[in-house]
Amino acid sequence: MENMIQGANYGSKPVPYNLPEVTMKGFEAGVSKSLGDRVKASFQFTYTQDVNPELGRQVNEVPERKYSVGLNYAGGHGLNANLSLNYIDSRFIQFSDGTGSSGELDPPSCIITLLLPCRRILPSTLK
């Protein structure tokens, strides 16, 4: 790939910059399985190897691996709930916080998301 735009924070302001060439390889796979009438489980995996030839390493902000596991409940009357666990592998970050830090390795992170249903109560249903 040619001319990949990256972003970096210098102070409190993001600044875009151009990478003249990036070698990109990778794949993504996912599966889902019904666990009953209303529950479905899913799993996704992404592998990305985006190499910056100037640095000889992974492009900033792009993790090599990402995993996602989720459960989805589809209830009656339009009520749904989702639970997911997302793992994001280590990635290089580019920033400046005034200490001269830049190009550091950000540790892996896990994110748990729970989306619960909301029902709108119409005034006509209140008595």
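In this text the structure is predicted, and so the values were computed from the model without any measurement.
- A donor-acceptor pair under 3.5 Å is absent between the side-chain atoms of Gln49 and the main chain of Thr23, judged by distance alone.
- Judged as a salt bridge (Lys or Arg N to Asp or Glu O under 4.0 Å), not a single pair has a partner in residues 26-40 (not counting sequence neighbours).
- Among pairs with a residue in residues 63-82, those fulfilling salt bridge (Lys or Arg N to Asp or Glu O under 4.0 Å) read Arg65-Asp89, at least two apart in sequence or across chains.
- Using a 4.5 Å cut-off between side-chain heavy atoms of Ile, Leu, Val, Met, Phe, Trp and Tyr, with links allowed through other members, Phe43 and Leu83 fall into different hydrophobic clusters.
- Considering every non-hydrogen atom in both Val59 and Asn52, the closest pair reads CG2-N, 3.9 Å.
- Membership of the apolar cluster around Ile111 extends to Ile88, as traced through chained side-chain contacts below 4.5 Å between ILVMFWY residues.
- Tyr47 and Val22 are members of different hydrophobic clusters when ILVMFWY side chains are connected at heavy-atom separations under 4.5 Å.
- Taking Ser68 as the reference, Asn86 meet the side chain to side chain donor-acceptor pair (under 3.5 Å) condition, with sequence neighbours excluded.
- Take Asn72 and apply the side chain to side chain contact (heavy atoms under 4.5 Å, CB included) test, not counting sequence neighbours, and it matches Ala74, Asn82.
- In this view, Val39 and Leu35, Leu71, Tyr73 satisfy the side chain to side chain contact (heavy atoms under 4.5 Å, CB included) rule, not counting sequence neighbours.
- The hydrophobic cluster around Val51 extends to none of the other residues, as no ILVMFWY side-chain heavy atom falls under 4.5 Å of it.
- Partners of Phe45 by ring pair (Phe, Tyr, Trp, His ring centres under 6.0 Å), not counting sequence neighbours, listed by chain and number: Phe27, Tyr67.
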